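Worksheet: the structure to be examined is printed underneath.
From a predicted model like this one, the values you see are computed outputs, not experimental measurements. Below, all heavy atoms of this structure are taken into account, side chains as well, without hydrogens, waters or symmetry copies.
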Amino acid sequence: MHLTLEFGGGLELLLEKSTKVHKVDVQPRDGEDKATMKGLLSWVKSNLIKERPEMFIKDDSVRPGVLVLINDCDWELCGGLDAELEDKDVVVFISTLHGG
């Protein structure tokens with residue numbers, strides 16, 4: 001399944017080459033028919049995050065203060081961790097926490 005992942009608000013700094021937009025191919029986890037946000041977060045942690053994963057992931061979810069949008073819709077309205085992803089979805093992660 002082809003997805004576009006976008007990282008902003010400083011989250012891109014945790015990724016290799018600090019690239020904001022990633023076109024990726026993600027498959028459903030073993031035992032699942034469709035890719036879910038929970039599986040995507042695990043995939044992102046294993047494949048894209050290169051440093052300080054604790055700034056992005058807490059337990060099985062994103063840290064508080066990270067806004068997640070699936071096709072411009074708040075992921076909580078789509079089902080949160082259980083939201084099923086479709087081919088060509090755009091998932092955006094934006095940190096709302098900034099130093100001061």
Side-chain angles (χ1 to χ4, degrees):
M1 156 178 326
H2 302 286
L3 301 174
T4 300
L5 307 181
E6 299 179 12
F7 298 84
L11 290 176
E12 69 277 7
L13 301 175
L14 305 176
L15 309 176
E16 186 173 344
K17 299 181 185 176
S18 299
T19 306
K20 288 188 175 193
V21 178
H22 295 261
K23 304 273 187 186
V24 300
D25 186 28
V26 178
Q27 300 304 316
R29 292 179 5 165
D30 289 340
E32 294 181 353
D33 293 330
K34 292 194 167 205
T36 63
M37 280 302 298
K38 184 173 184 175
L40 177 63
L41 291 177
S42 177
W43 186 91
V44 167
K45 183 178 179 183
S46 298
N47 295 281
L48 293 181
I49 302 288
K50 297 303 176 194
E51 59 182 74
R52 302 182 67 188
E54 70 277 3
M55 298 299 293
F56 180 69
I57 300 283
K58 182 175 182 181
D59 299 323
D60 288 335
S61 190
V62 292
R63 285 190 62 81
V66 175
L67 176 66
V68 182
L69 304 173
I70 303 171
N71 300 321
D72 296 323
C73 181
D74 187 320
W75 78 317
E76 294 294 339
L77 299 175
C78 300
L81 289 172
D82 296 323
E84 293 182 349
L85 300 170
E86 302 284 337
D87 192 43
K88 299 184 182 171
D89 277 351
V90 177
V91 182
V92 180
F93 302 95
I94 302 171
S95 175
T96 61
L97 304 175
H98 303 283

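To the nearest 0.5 angstrom, Leu85 atom CG is 14.0 Å from Lys38 atom NZ. In this structure, the separation between NE2 on His2 and NZ on Lys23 is 11.0 Å, given to the nearest 0.5 Å. Rounding to the nearest 0.5 Å places CG of Leu14 at 6.5 Å from CD of Glu51. Here the straight-line distance linking atom CD of Glu12 with atom NZ of Lys17 works out to 15.5 Å at 0.5 Å rounding. Rounded to the nearest 0.5 angstrom, Arg52 CZ and Leu11 CG are separated by 11.5 Å. Summarising the geometry, atom CG belonging to Leu81 is positioned 8.0 Å from atom OG1 belonging to Thr36; distances are rounded to the nearest 0.5 Å.
Partner of His22 under the ring pair (Phe, Tyr, Trp, His ring centres under 6.0 Å) criterion, chosen from Trp43, Phe93, Phe7: Phe7.
Environment of CG in Asp33: sparse, with no more than 12 heavy atoms of neighbouring residues, nucleotides or ligands closer than 6.0 Å. Few gaps surround CE on Met1; more than 12 heavy atoms of other groups in view lie less than 6.0 Å from it. Heavy-atom contacts from other residues, nucleotides or ligands closer than 6.0 Å to CG of Asp72 number 12 or fewer.
At a threshold of 4.5 Å between non-hydrogen side-chain atoms, the residues Val91 and Met37 count as touching.
A salt bridge between Lys34 and Glu86 is present, with a side-chain N of the basic residue lying under 4.0 Å from a carboxylate O of the acidic one.
Cluster membership for Leu3 and Leu69, using ILVMFWY side-chain heavy atoms within less than 4.5 angstrom, is not shared. A continuous path of hydrophobic side-chain contacts links Val66 to Val44 [ILVMFWY only; heavy atoms under 4.5 Å]. No continuous path of ILVMFWY side-chain contacts below 4.5 Å connects Leu41 to Ile94, so the two sit in separate hydrophobic clusters.
Qualifying side chain to side chain donor-acceptor pair (under 3.5 Å) partners for Lys45, counting only residues two or more places apart in sequence or in other chains: none.
Cluster partners of Val21, using a side-chain heavy-atom cutoff of under 4.5 Å among ILVMFWY residues and allowing indirect links: none.
In terms of heavy atoms, Asn47 sits closest to Lys50 at O-NZ, 3.6 Å.
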